[in-house]
Structures are given as structure tokens and as C-alpha cells.
Peer 1: 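Please find one structure pasted underneath; my questions will follow.
Quick caveat, the model's predicted, so the values are computed rather than measured.
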Amino acid sequence: MIVAAIVLVVLVTVLIGARGVAAIRSTSDFLVASRRISPALNAAAVSGEYLSAASFLGVAGLVLKDGIGALWYGVGFTAGYIAMLALVAAPMRRTGALTVPDFAEARLGSAGLRRLSGVVVLVIATLYLVPQFKAAGLVLTVVSGTPYWVGVVVAGAAVSITLALGGMRAATYVQAFQFGLKLLLFIVPAIWLVLQVGADTRREALAPVEFTRFERPSPVEFRLDVELTVTEPTPVTVSGRPPEVLAPGRYGASAGSTWTFAEGAAVPEVAGSLPPGGADWARPLLNPDGAGHPMLATMSLLVATVLGTMGLPHILVRFHTSSDGRGARRTAAITVALLSVFYLFPGVYGALGAVLLPELYLAGGTDTVVVALPARVDSGWLGTLFTALLSAGAFAAFLATSLGLLLALSGAVSHDLLPGVTVRRLRLTTLGAAVFMVALALPAAHLDVGALVTSGFAVAASTFCPLLVLGIWWARLTAQGAVVGMLVGLVSSAGVIGASFFVTAPPGLAAILLGQPALWSVPLAFVTMVLVSLRGRPPAWASAAMLRLHLDETEHSHRR
């Protein structure tokens with residue numbers, strides 16, 4: 001049943017893509033659907049595209065792993081559209097550009113800036129797209145037992161074929177359909193779970209007790225390499241070996257191994273995670289890896305998610321599909337309402353997971369709490385049905401987001417980095433980019449989905465956010481200032497994040513500032529752009545460009 005539900009979602013995705021073949025006659029058709037998408041349909045597509053693996057699975061998993069403070073992710077993701085509505089949506093559409101690099105060259109007249117913007121699109125899309133394919137492989141493994149690579153390849157093939165066939169028009173209809181599907185398949189199981197678990201579990205979810213002892217014999221299959229600290233003699237069976245009693249101390253659990261803890265055994269501590277329940281877990285602020293400074297960590301996350309949303313290339317290109325600036329503004333406003341409904345529910349899954357599946361925090365598999373809950377609540381056909389529905393919704397999330405990201409990536413390569421763009425090249429680039437992303441996702445099974453996606457937001461906030469805000473609202477911006485500022489933002493965000501994979505940051509304040517650099521990399525990029533621009537002269541057409549960005553289309557047509 002579970003595999004059938006996922007196969008159905010994949011087939012519908014490809015069939016919708018096939019219907020868009022006849023509508024693709026030009027690069028404008030492929031990249032922006034000839035700018036004929038209505039605000040309501042566009043908002044549904046934006047919402048479907050935005051609700052990625054990090055939203056459908058990640059936020060609930062982060063609540064289980066990091067506590068109630070993880071609900072700030074949903075706040076930041078939604079608030080980003082309010083900032084986009086106020087600052088970016090309508091002016092971006094009025095430029096007539098097809099991509100973000102297109103806008104950069106149109107505003108500042110620099111081919112070099114356009115190429116740099118194309119490179120930044122590749123960085124952001126890679127950081128965001130690899131986790132989608134990785135999560136697809138992980139979920140299919142959890143719910144059906146298939147090898148990890150099967151889900152990755154299936155997701156990559158479905159997305160690339162759909163996009164190559166139908167371009168933006170196909171992506172729009174697929175994403176709008178999948179948003180409705182995800183909303184239905186996320187809300188209905190949540191309500192069923194709350195009703196099914198009973199009054200006692202509901203009370204425990206509202207005031208969870210810290211997870212200190214196993215209430216039943218509990219096999220824990222570790223999905224990541226985890227360092228455990230055993231605080232008292234603990235009986236355990238490791239991957240089929242004879243039972244043993246671990247003395248207090250530190251132990252390494254390797255990815256893929258299964259440790260079975262006896263009933264009543266003390267729960268080991270996990271480096272960098274809070275045990276579900278308890279005072280620290282219930283605090284509505286983030287404290288990653290126990291670094292301290294929870295208010296600063298929370299503010300850093302909000303800077304990355306709110307400002308990063310304004311710089312996500314696959315979201316920005318959506319506003320170019322509107323017929324005019326007013327339509328782009330209405331699209332952003334409707335999107336805020338749609339996302340607000342969705343983000344009411346991840347906390348339900350996270351809180352129930354803290355009571356019913358607390359051992360997932362040990363296994364490093366908190367991302368799977370959404371699809372694992374129904375079977376824990378009901379081991380019969382009803383639990384299997386809701387597992388299938390949630391798995392289908394999760395797969396729809398991977399596909400919808402991957403469509404937009406792959407389109408933005410293909411557009412950057414074919415339209416912005418290489419000369420002579422054609423529809424045929426766009427299609428071939430789409431297929432080639434998908435193969436490359438699948439190749440990157442295959443060895444990424446043990447990477448943290450939430451960490452990679454948040455890194456993508458940090459890079460977007462540090463590069464495209466300053467470029468767009470200053471390019472739209474400050475006439476003195478120069479091409480040199482934009483280039484230097486974007487380079488500083490790229491190095492200070494992507495460079496620091498990349499270094500964190502090889503060098504462990506010292507605990508405390510440094511861990512926060514280096515683990516989530518948006519708090520300082522975004523102001524640094526803004527200041528750099530301003531100071532370098534003040535030393536030069538803006539383009540001669542800067543005033544005219546600003547008028548075009550801010551003059552309403554109907555008024556502009558009347559004056560002409």
C-alpha cells in the first residue's frame with residue numbers, strides 16, 4: 001500500500017509534465033510559463049514548492065531533536081514572505097527578467113555580476129536540492145525497506161523528466177496539485193493521531209516528561225554515527241552480539257548498527273542533542289549542541305530564514321510568472337496565508353513523537369518521526385493506511401521543491417552562464433543537472449537534511465538578499481559594490497559552513513556564530529555593498545531603472 005501510494009504520486013507528476021509539452025515554444029515558456037499564471041494558482045504552486053522535506057519532515061523532527069524552540073523555523077519560513085511582499089515581489093516582476101542573474105544585469109549592466117549571480121544560484125540550489133533527494137531515499141527505505149539509492153534515483157528521474165517535458169508550466173500545475181495533496185495528507189493524519197492516542201498521551205505531549213529510561217525493550221537502528229554517554233551500567237545487545245552490560249563512559253554507535261536496550265535501562269546521552277521532554281527541551285528558544293546563548297541562536301536562525309527566503313532563486317523566479325507587479329504582490333500575500341495553515345501542524349507530530357518515539361533522537365532519525373508515528377499508534381491496517389498517506393505526502397514534498405530548484409539551476413547554467421540559450425539546451429541541461437545532483441545525494445545518506453537546507457538559506461540571505469534589497473531600493477548601488485558584497489557574503493556564509501564539515505567549532509558563542517553565520521554575514525554583505533558603491537558612480541540609467549521598478553504598470557501605461 002505504501003509503495004503504491006508513492007508510485008501514484010510519481011506517475012501523476014510525470015503525466016502532468018507530459019501535458020505541458022505542447023506549450024513549450026520558447027525559453028520564456030520554459031522558464032516563466034509566458035508570465036500568464038494567476039495569483040491564486042501561483043500562490044498554491046509557491047507554497048507547494050516551498051514546503052520541502054525540511055518543512056514536511058524536518059520541522060517535526062527538529063522539534064523532537066531540539067525541543068519546542070524548533071517551531072521558530074516555521075515562523076521564519078512564513079515571515080520571509082511578508083518581507084518579500086513588502087520589499088521584493090512587485091519590483092522584481094516589473095524588471096521583465098527571467099532569472100535573478102537576469103535582474104542583476106538589467107539593473108546594473110554588468111555581465112560579470114550576472115555570471116557571479118549564476119554561480120550563487122548553483123551553490124544555493126545544490127545545498128537545497130541534495131537534501132530533497134536524500135530525504136526521498138531515506139523515507140522510501142524507512143517505509144518499504146528498499147535500498148536508499150532507489151528513492152534517490154526515482155525522485156531524480158521523476159523531477160527531471162517532468163521538467164524537461166513541460167518546463168515552468170508543468171512545474172506550476174504539479175506544485176499546486178501537490179500543495180493541496182500535502183496539506184490534506186499532513187492535516188488529516190495529525191487530527192487522527194491526536195484523537196487516536198487517547199487523553200493520557202495528549203496530556204503527556206503537552207507536558208512531556210524527560211526521556212530517561214526505556215519503557216519497553218527498544219531496538220534502536222542508528223542512521224548516523226552517534227557518540228553516546230552511558231551514565232550507569234546499561235544492559236544492551238549490539239547488532240546480534242551476545243547481551244552485555246556497558247559500564248559508564250563514552251561509546252561510539254556507527255551508522256547502520258542496531259542496539260537493543262532492555263526495559264528500564266537508562267537512556268544514554270547523545271552529544272549535541274536534548275533528550276525529549278524536560279525543562280531545556282520545553283523552552284521556546286533554540287540551544288543547538290548545548291552551546292548556550294539561546295536568544296542569540298534563535299535570532300540567528302530567524303535572520304537566515306526570513307532574509308534567506310527573499311534570496312531563494314527558485315522562489316524569486318515564481319514572481320516572474322505573474323502577469324504584472326500587482327499579481328506578484330497578490331501571490332506573496334496569498335502564500336503567507338497558505339503557509340500559515342500548514343505550519344500549525346509540525347508541532348503536533350514533534351510533541352507526539354517526544355512521547356511515543358523518543359528513541360528516534362538516539363538513532364539520529366528524527367526526520368522520520370512523521371512517517372513512523374502512525375504504525376506506533378496503530379499496528380493494524382489503519383496505521384498502515386496513514387503511513388502510506390504521509391509517505392505519499394512526503395514524496396510529493398520532495399518532488400515539488402526539487403522541480404523549482406532544478407528549474408532555477410538549469411536556467412542559471414543555460415540562460416546565465418552559457419551563451420545562446422535554446423529550449424533544447426534547457427531540456428538537456430535539466431536532465432544533466434538531475435544526474436549530477438543524484439550523484440551527490442547518493443553518498444549523502446548520513447548528512448543532516450535540516451542543516452543543509454538551513455545552510456542554503458544562510459547563503460541566500462548573505463548574497464541575493466542584499467543585492468535585491470539595495471538594487472530595488474537604493475539608486476547609488478554600483479556593479480562593483482554588488483560584486484564585492486556578494487563575494488564577501490558568499491565566502492562568509494558558504495565558506496564558513498563548508499569549513500564546519502571539516503573543523504569542529506569551539507563550544508559556546510563561536511559555535512553559534514560559525515554554525516549559523518547569517519547573523520553576521522548578512523550585515524557584513526550589506527555594509528560592504530554600500531561602502532564599495534559609495535566609492536564609485538552608479539550607472540547613468542540608475543534613476544530610470546528605479547522608476548521602472550517602482551512605477552505601477554497601469555500608471556506607467558497611462559503616462560506613455
Peer 1: Counting C-beta onward and ignoring hydrogens, is there a side-chain heavy-atom pair between Val369 and Thr366 closer than 4.5 Å?
Peer 2: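 Not touching, per the 4.5 Å side-chain cut-off.
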Peer 1: Check step by step if side chain to side chain contact (heavy atoms under 4.5 Å, CB included) holds for Tyr81 and Val46.
Peer 2: CA-CA 10 Å; Tyr81 276 93; Val46 171; 3.1 Å; yes
Peer 1: Could you tell me the separation between the CD1 atom of Ile315 and the OG atom of Ser47, rounded to the nearest 0.5 Å?
Peer 2: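 Here the interatomic distance stands at 8.5 Å.
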Peer 1: Is the ring centre of Tyr50 less than 6.0 Å from the ring centre of His314?
Peer 2: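 No, the ring of Tyr50 stays outside the 6.0 Å limit from the ring of His314, centre to centre.
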Peer 1: Kindly say whether Gly380 contributes a backbone atom to a donor-acceptor pair with the side chain of Thr384 at under 3.5 angstrom?
Peer 2: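 Present.
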Peer 1: Main chain of Pro39, side chain of Arg330: is a donor-acceptor contact present, judged purely on distance under 3.5 Å?
Peer 2: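 Not at all, since once roles are kept as given, no pair shorter than 3.5 Å links the two residues.
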Peer 1: Is there a side-chain contact between Arg283 and Ile68 in this structure, where contact means two heavy atoms from C-beta onward sitting under 4.5 Å apart?
Peer 2: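 No - every pair of side-chain heavy atoms lies 4.5 Å or more apart.
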Peer 1: Counting only N and O atoms by type, is there a donor-acceptor contact under 3.5 Å from the side chain of Ser257 to the main-chain atoms of Ser254?
Peer 2: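 Between the backbone of Ser254 and the side chain of Ser257 there is a qualifying donor-acceptor contact (under 3.5 Å).
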Peer 1: Within the side chain of Lys182, is there an N or O that forms a donor-acceptor pair under 3.5 Å with the backbone of Ala394?
Peer 2: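 Checked: no pair found.
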Peer 1: For side chain to side chain contact (heavy atoms under 4.5 Å, CB included), just list the numbers for Val341 and Ile187, CA-CA rounded to whole Å, side-chain angles, deciding distance to a tenth of an Å, and then say yes or no.
Peer 2: CA-CA 9 Å; Val341 173; Ile187 293 176; 4.1 Å; yes
Peer 1: Any side-chain heavy-atom pair from Pro275 and Tyr361 closer than 4.5 angstrom?
Peer 2: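 SC-SC contact between Pro275 and Tyr361 confirmed.
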Peer 1: Starting from the C-alpha separation in whole Å, work towards a yes-or-no answer on side chain to side chain contact (heavy atoms under 4.5 Å, CB included) for Trp72 and Leu285.
Peer 2: CA-CA 8 Å; Trp72 283 109; Leu285 293 173; 4.3 Å; yes
Peer 1: May I ask you to decide if Ala400's main-chain N or O and Gln178's side chain share a donor-acceptor pair within less than 3.5 Å?
Peer 2: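 Indeed, once roles are kept as given, a pair shorter than 3.5 Å links the two residues.
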Peer 1: Between Thr78 (side chain) and Val75 (backbone), is there a donor-acceptor pair under 3.5 Å?
Peer 2: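 Between the backbone of Val75 and the side chain of Thr78 there is no qualifying donor-acceptor contact (under 3.5 Å).
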Peer 1: If you apply the rule side chain to side chain contact (heavy atoms under 4.5 Å, CB included), what do you find for Leu51 with Thr401, and how did you get there?
Peer 2: CA-CA 7 Å; Leu51 297 179; Thr401 302; 5.9 Å; no
Peer 1: Mind listing the closest non-hydrogen atom pair of Ala363 and Val220 along with its distance?
Peer 2: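 Between these two residues, the closest heavy atoms are CB-CG1, 3.6 Å.
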Peer 1: Answer yes or no: is there a donor N or O on one side and an acceptor on the other, between the side chain of Thr141 and the main chain of Thr146, under 3.5 Å?
Peer 2: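 Yes: the side chain of Thr141 pairs with the backbone of Thr146.
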Peer 1: If you take all heavy atoms of Ala396 and Leu181, which pair is closest and at what distance?
Peer 2: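 Closest heavy-atom pair between Ala396 and Leu181: CB-CD2, 4.1 Å.
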Peer 1: Using ring centroids (six-membered ring only for Trp), state whether Tyr349 and Phe186 fall under 6.0 Å.
Peer 2: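 Yes; Tyr349 has its ring centre under 6.0 Å from that of Phe186.
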Peer 1: For the side chain of Ser218 and the backbone of Arg216, is there at least one donor-acceptor N/O pair under 3.5 Å apart?
Peer 2: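 Yes, the answer is positive, given that a donor and an acceptor are paired below the 3.5 Å cut-off.
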Peer 1: Taking atom OG of Ser160 and atom CG of Leu403, what is their separation to the nearest 0.5 Å?
Peer 2: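 The distance works out to 9.5 Å.
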Peer 1: In Å, rounded to the nearest 0.5 Å, how long is the span from CZ of Phe457 to OH of Tyr73?
Peer 2: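 Phe457 atom CZ to Tyr73 atom OH measures 10.5 Å (nearest 0.5 Å).
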Peer 1: Drop me the distance from Thr331's OG1 to Met84's CE, to the nearest 0.5 angstrom.
Peer 2: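 Answer for the OG1-CE pair, Thr331 versus Met84, is 11.5 Å.
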Peer 1: Between Thr430 and Ser410, do the side chains contain an N or O donor and an N or O acceptor separated by less than 3.5 Å?
Peer 2: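 The answer is yes; a qualifying pair exists.
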Peer 1: For the CZ atom on Phe77, are there more than 12 heavy atoms of other groups (residues, nucleotides or ligands in this structure) within a distance under 6.0 Å?
Peer 2: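 Correct, the count exceeds 12.
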Peer 1: Check Leu286 against Leu301 and note the closest heavy-atom contact, atom names and distance.
Peer 2: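 Residues Leu286 and Leu301, closest heavy atoms: CD1-CD2, 3.2 Å.
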Peer 1: If I compare all heavy atoms of Val152 with all of Ala441, which pair ends up nearest, and what's the gap?
Peer 2: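 Looking at all heavy atoms of both residues, the closest pair is CG1-CB, 3.9 Å.
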Peer 1: Mind checking the CG-CG spacing from Leu357 to Leu373? Nearest 0.5 Å is all I need.
Peer 2: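 Reported value, rounded in 0.5 Å steps: 5.0 Å.
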Peer 1: Heavy-atom distance under 4.5 Å between the side chains of Leu399 and Val174, does that happen here?
Peer 2: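 No, their side chains stay 4.5 Å or more apart.
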Peer 1: Side chains of Tyr343 and Ser340, heavy atoms from C-beta outward: is any pair under 4.5 Å?
Peer 2: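 Heavy-atom side-chain distance check fails, nothing below 4.5 Å.
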Peer 1: Report the C-alpha distance between Thr321 and Asn42 in whole Å, list the side-chain angles of each, state the deciding distance to 0.1 Å, and finish with yes or no for side chain to side chain donor-acceptor pair (under 3.5 Å).
Peer 2: CA-CA 8 Å; Thr321 65; Asn42 215 3; 2.9 Å; yes
Peer 1: Would you say Val63 and Trp281 make side-chain contact, with heavy atoms under 4.5 Å?
Peer 2: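 They are in side-chain contact.
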Peer 1: Could you check whether any side-chain N or O of Arg329 sits under 3.5 Å from a backbone N or O of Ala89, counting only pairs where one atom can act as donor and the other as acceptor?
Peer 2: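 Judged by distance alone, no pair lies under 3.5 Å.
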Peer 1: The criterion is salt bridge (charged side-chain N to carboxylate O under 4.0 Å, His left out); which residues satisfy it with Glu359, sequence neighbours excluded?
Peer 2: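 Salt bridge (charged side-chain N to carboxylate O under 4.0 Å, His left out) check on Glu359 returns Arg376.
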Peer 1: Given Pro268, which partner from the list Leu362, Val226, Val236 fulfils the side chain to side chain contact (heavy atoms under 4.5 Å, CB included) test?
Peer 2: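 Result: among Leu362, Val226, Val236, Leu362 is the only option passing the side chain to side chain contact (heavy atoms under 4.5 Å, CB included) with Pro268.
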Peer 1: Is the distance from the ring center of Phe342 to that of Phe179 below 6.0 Å?
Peer 2: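 Not close enough - the centres of the two rings lie 6.0 Å or further apart.
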Peer 1: Using modelled atom types and a 3.5 Å cut-off, is there a donor and acceptor pairing between side-chain atoms of Trp192 and backbone atoms of Leu382?
Peer 2: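 The answer is no, because no donor-acceptor pair under 3.5 Å joins these two groups.
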Peer 1: Is there a side-chain contact between Leu127 and Val459, using heavy atoms and a 4.5 Å cut-off?
Peer 2: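 They are in contact (side-chain heavy atoms under 4.5 Å apart), so the answer is yes.
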Peer 1: Where do Pro358 and Leu64 come nearest, in terms of heavy atoms and distance?
Peer 2: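 Reported closest heavy-atom pair: CA-CD1, 4.4 Å.
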Peer 1: What pairs meet the salt bridge (charged side-chain N to carboxylate O under 4.0 Å, His left out) rule with one or both residues in residues 307-321, with sequence neighbours excluded?
Peer 2: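 The answer is Glu49-Arg318.
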Peer 1: Please report the interatomic distance CD1(Ile124) to CG(Leu409), rounded to the nearest 0.5 Å.
Peer 2: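 Interatomic distance, Ile124 CD1 to Leu409 CG, rounded to 0.5 Å: 11.0 Å.
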Peer 1: Using side chain to side chain contact (heavy atoms under 4.5 Å, CB included) as the criterion, list what pairs up with Ser38, not counting sequence neighbours.
Peer 2: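 Expected list: Leu41.
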Peer 1: Classify the angle between the aromatic ring planes of Phe211 and Phe214 as parallel (below 30°), tilted (30 to 60°) or perpendicular (above 60°).
Peer 2: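 Perpendicular: the ring planes of Phe211 and Phe214 meet at over 60°.
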Peer 1: What I'd like to find out is whether the side chain of Val100 reaches to under 4.5 Å of the side chain of Val317, using heavy atoms alone.
Peer 2: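 No, every pair of side-chain atoms sits at 4.5 Å or beyond.
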Peer 1: Fit a plane to each ring of Trp259 and Phe222, take the angle between them on a 0 to 90° scale, and name the class: parallel (under 30°), tilted (30 to 60°) or perpendicular (over 60°).
Peer 2: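 Aromatic pair Trp259/Phe222 classed perpendicular.
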Peer 1: What closest approach, in Å, do Ala79 and Val306 show between heavy atoms, and which atom pair accounts for it?
Peer 2: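 Scanning both residues, the minimum pair turns out to be CB-CG2, 4.0 Å.
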